[in-house]
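These notes concern the structure reproduced below.
None of the values given here were measured: they were computed from a predicted structure. First the proteins, then the strands, lettered A, B, ... as listed; each starts at 1.
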Amino acid sequence: MAEIRFSGFGGQGIIRCGLITGKALSLYDNKHATMTQSFGPEARGSACSSQLVVSKDRVLYPYITIPEILVSMSQEAYDKYEPDLLENGILIIDTDLVKPKPVREKIQMFAIPSTRFAEELGNRIIANLVMLGFFTAVTKIVSPEAMKKALPGMVPGRFLDLNIKAFDRGYDYGGEVLKTAKPAKTKKKTAAKKKTTKSKK
Amino acid sequence: MKKVKVDPKGVLTGSHYIDGDYAIAEGGLAAGCRFFAGYPITPSTETAERFSERIPHVGGVFIQMEDELGSIAAMIGAVWGGKKTMTVTSGPGFSLMMENIGLACMMEIPLVIANVQRGGPSTGLPTLTGQQDMMQAKWGSHGDYEIIALSPDSPQECFDLTIEAFNLSETYRVPVFVMTDECVGHMHEKVVIPPAEEIEVVERKWYEGPKDKYLPYKLDKDGIPFMVKAGDGYRFHTTGLTRDERGYPVINAECQSVVVPHLVDKIINNADKIIMLEEDEIDGAEIVVISYGITSRVAIRAVQQARKAGIKVGTLRLKTVWPFPEKRIKQLARKIKAFVVPEINYGQIVLEVERCAAGKAPAFHVPHCGGWVHDPNDILKVIKEAAK
Amino acid sequence: MKKEDRLESKNPMEGFLRMDRIPHIWCPGCGIGTVVTSFTEALKKSKLDLDKVAVVSGIGCTGRVAGYVKLDSFHTTHGRAVPFATGLKLANPDLKVVVFSGDGDIFGIGGNHFIHAARRNMDILIICVNNFNYAMTGGQVAATTPMEANASTAPYGNFEFAFSLPYLAEAAGATYVARWTSLHLRRVTKSIQEALAKPGFSLIEVITPCVTLYARRNRLGDGLNLLKYYYDKSVIEHGADTRTLDISYQGKLVVGKFVDKEKPTFLDRMNEHMTKILGDKYVKYGE
Ligand SMILES: Cc1ncc(C[n+]2csc(CCOP(=O)(O)OP(=O)(O)O)c2C)c(N)n1
Ligand code: SF4
Ligand SMILES: [Mg+2]
């Protein structure tokens with residue numbers, strides 16, 4: 001069981017991140033994954049997010065409560081969602097876009113200049129794929145094979161190769177980072193910092 | 001009831017990662033729906049979008065009407081033109097459709113309306129969930145009549161139950177509602193669409209006798225009249241007025257006393273065949289949690305906790321909400337201590353449970369006025385209270 | 001008065017009417033029946049396969065027409081005849097679909113559907129009996145009631161502006177628009193014939209006496225008095241600018257055929273456009 005939140009600003013492909021990972025897990029990795037996204041006034045602001053609940057059994061409660069993985073690709077999204085992150089959760093950020101506060105003690109943080117890498121590959125629009133590659137490498141929650149299988153239909157056909165390249169770039173960088181850090185482990189929920197079951201706002 | 005194989009053009013066989021709204025469109029296309037008239041409304045619009053994208057590849061018509069009054073009227077016209085038809089909407093649009101839902105009942109029209117419920121009343125919570133139109137589905141149009149309403153709890157069931165909705169609507173010549181909600185409608189999960197050869201659908205009950213003998217509302221042995229389509233030479237008439245077998249208006253109490261019981265009985269007398277329930281650990285249960293749609297998934301969490309705490313809890317999920325499983329509730333009421341009914345409204349289906357339980361067992365409601373699903377703890381609390 | 005405009009009493013046309021439903025409910029002197037006669041006459045002359053002609057009505061005195069014609073016929077709900085007809089036509093494009101209904105039904109409660117069906121150039125013919133009021137419910141004021149005229153819900157006279165139906169129809173996109181009175185029976189027949197033969201959205205407005213309500217309340221006499229008014233005050237002006245067709249109380253009635261033009265229908269456009277965009281992948285519809 002894992003609860004994951006992808007966050008950033010509109011136009012970065014944050015919803016796609018949830019869709020691709022959810023599709024990879026449930027169609028190719030034999031897991032159950034329920035993806036929800038914020039709609040409405042809440043989704044209007046610049047912070048946008050998509051949520052995934054992953055489980056080996058059927059997902060019952062469809063929303064995340066205390067995410068153990070938070071991916072943030074913008075400062076505003078980080079500021080908004082970081083306080084909800086599980087005490088010993090995993091935080092993944094874009095180095096250039098998020099200036100994190102001092103990291104909470106038990107939280108493991110991984111950072112990647114995903115937008116910069118995407119620009120080097122020719123288009124910042126694929127930063128989300130760089131991030132997904134990195135996310136896949138450091139969390140090991142989903143297999144890279146499943147993620148790549150999930151891409152057709154989720155990204156424009158003519159940019160498929162470029163998207164795969166972007167994914168690989170992030171994935172490889174993740175591998176390098178892991179050599180210096182311990183691999184991330186999703187842990188048992190210890191203490192909920194804050195209950196968010198009911199409040200959406 | 002004649003079952004036929006579906007047109008493979010409409011069936012997108014395979015495993016997909018899609019939301020409930022898309023799954024409804026795919027269910028309709030797989031079932032052979034080739035006419036969709038709709039009007040955009042959150043959180044249901046994705047169904048219309050999906051249909052408009054897919055239909056040119058399948059052969060059929062998508063039309064965005066000027067309002068929901070137009071959508072439902074066009075659908076009824078399209079059924080008389082020989083098509084299977086559906087639409088999708090949410091509370092405000094459902095309200096606008098009510099008059100012609102009555103026409104569809106009176107004319108005995110097979111059609112499917114999906115209501116992706118949001119919080120109400122009025123414009124309410126356009127983007128957030130609710131289960132507040134459950135009574136409206138049953139009682140919304142004027143007069144006495146019966147409809148069928150199903151409640152899917154996942155995108156997969158949105159697909160499956162939309163096909164089932166078409167089958168029921170053709171079998172009983174009645175509007176069938178797929179009463180889902182924003183949460184299921186917008187949630188992405190795996191949806192498996194089987195090969196076309198594995199999907200069977202109920203064919204319209206076409207009349208095959210001599211042309212001059214056709215009577216639009218003469219009941220067949222099974223209590224359901226035969227249909228024809230305009231343009232086939234029957235020169236038939238039909239009306240929203242109370243009518244005789246010929247479809248001619250007869251405005252008096254005698255005729256009314258034939259028509260209304262027919263419209264009601266054709267559903268109620270077949271309730272056992274129509275009703276789909278999912279039960280778990282009911283035998284020996286002291287508490288039975290009755291729920292439907294997304295709430296039943298959330299309730300399981302509470303039920304698991306309650307069982308850990310030593311309470312004997314069974315669950316009953318209403319895949320069919322209307323007609324209501326009156327018989328089953330009556331049986332259970334004699335055996336158990338109490339019902340617990342969580343739903344995302346201020347007390348709708350719980351009233352029906354209470355009515356059926358008739359004082360034999362109390363029904364504890366777990367209300368939620370919409371905007372989000374229940375906190376499982378809130379359900380747990382009521383289960384504990386009911387078990388006291 | 002030319003011979004062809006003279007009112008004739010005809011034998012009911014058995015093949016076209018549901019004789020088992022006659023006598024009809026209309027008042028003696030009501031003009032609706034004469035419009036039905038013109039319609040059946042036009043059908044006969046048109047040589048259309050009657051199995052492929054369907055009539056859709058809304059609710060009202062005129063709305064009862066669907067119940068009397070021996071065709072596939074649908075008596076629907078108030079205001080919704082046009083979208084019902086839209087669905088019927090699209091589901092079975094072989095049909096010639098005629099909406100036969102009242103002014104209140106089509107332009108009051110159903111006005112929104114009318115303009116949108118016209119905009120789409122939906123291939124349906126609308127025959128609207130304009131009797132200047134909501135007759136079925138007892139003569140209430142309508143969107144077509146001339147200013148100053150009296151109605152049961154305008155007991156001091158109507159002070160609202162009225163719709164000019166041909167102007168509205170043309171502006172919304174109709175490809176055939178005509179107005180007649182029930183005095184011009186042959187002309188009505190001819191217009192219906194023309195419109196039946198023409199694909200696209202057509203409106204034929206027929207100004208018709210409601211003797212029991214509109215005429216009585218306004219002390220305009222019986223049916224014959226009203227026909228005399230039509231005779232005295234109507235002028236045929238084919239091709240007249242539809243902006244000039246307002247009707248004042250007991251004033252001049254400009255009649256004629258105002259619009260007759262070619263435009264692809266909804267289904268033509270759909271097939272043409274989808275083929276252009278999707279090529280072979282498009283599954284053609286209704287051809
Ligand atoms: C929704 C609804 N509102 C009101 C009515 C009552 N009603 C029946 S007929 C009618 C007016 C009909 O007027 P018109 O279309 O001009 O037909 P006429 O009787 O004049 O031929 C009204 C208001 C109704 N049947 N349905
Ligand atoms: S009330 Fe008027 S419109 Fe209706 S039938 Fe009588 S005369 Fe005709
Ligand atoms: Mg009228």
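Under a cut-off of 6.0 angstrom, the local environment of NZ in A:Lys101 is crowded, with over 12 non-hydrogen atoms contributed by other residues, nucleotides or ligands. Other residues, nucleotides and ligands place more than 12 heavy atoms under 6.0 Å from the NZ atom of A:Lys99.
Tested against A:Met35 for a side chain to side chain contact (heavy atoms under 4.5 Å, CB included), the candidates B:His186, B:His188, B:Glu189 yield a single pass: B:His188.
For A:Leu52, the part lying near chain B is the side chain, with the backbone staying farther off; criterion is any non-hydrogen pair under 4.5 Å.
In terms of heavy atoms, A:Tyr61 sits closest to B:His374 at CE1-O, 3.4 Å. Nearest heavy atoms, A:Pro62 versus B:Ile294: CG-CD1, 3.8 Å. Looking at every heavy atom in both residues, A:Arg58 comes nearest to B:Ser154 through NH2-CB, 3.8 Å.
Here the OG1-CG distance, from A:Thr34 to B:Asp19, works out to 12.0 Å after rounding to the nearest 0.5 Å. Note that OH of A:Tyr63 is 6.5 Å distant from CE of B:Met187, once rounded to the nearest 0.5 Å.
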Result block: side-chain N/O donor-acceptor pairs under 3.5 angstrom for residues 116-132 of chain A, not counting sequence neighbours:
residue	atom	partner	partner atom	Å
A:Arg116	NE	A:Asp96	OD2	3.0
A:Arg116	NH2	A:Asp96	OD1	2.9
A:Arg116	NH2	A:Asp96	OD2	3.2
A:Glu119	OE2	A:Arg124	NH1	3.1
A:Asn123	OD1	A:Ile125	N	3.1
A:Asn128	ND2	A:Gly13	O	3.2

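Between the B:Tyr17 side chain and the A:Leu25 main chain, no donor and acceptor come within less than 3.5 Å of each other.
A:Ser72 meets the side chain to side chain donor-acceptor pair (under 3.5 Å) test with A:Ser7; sequence neighbours excluded.
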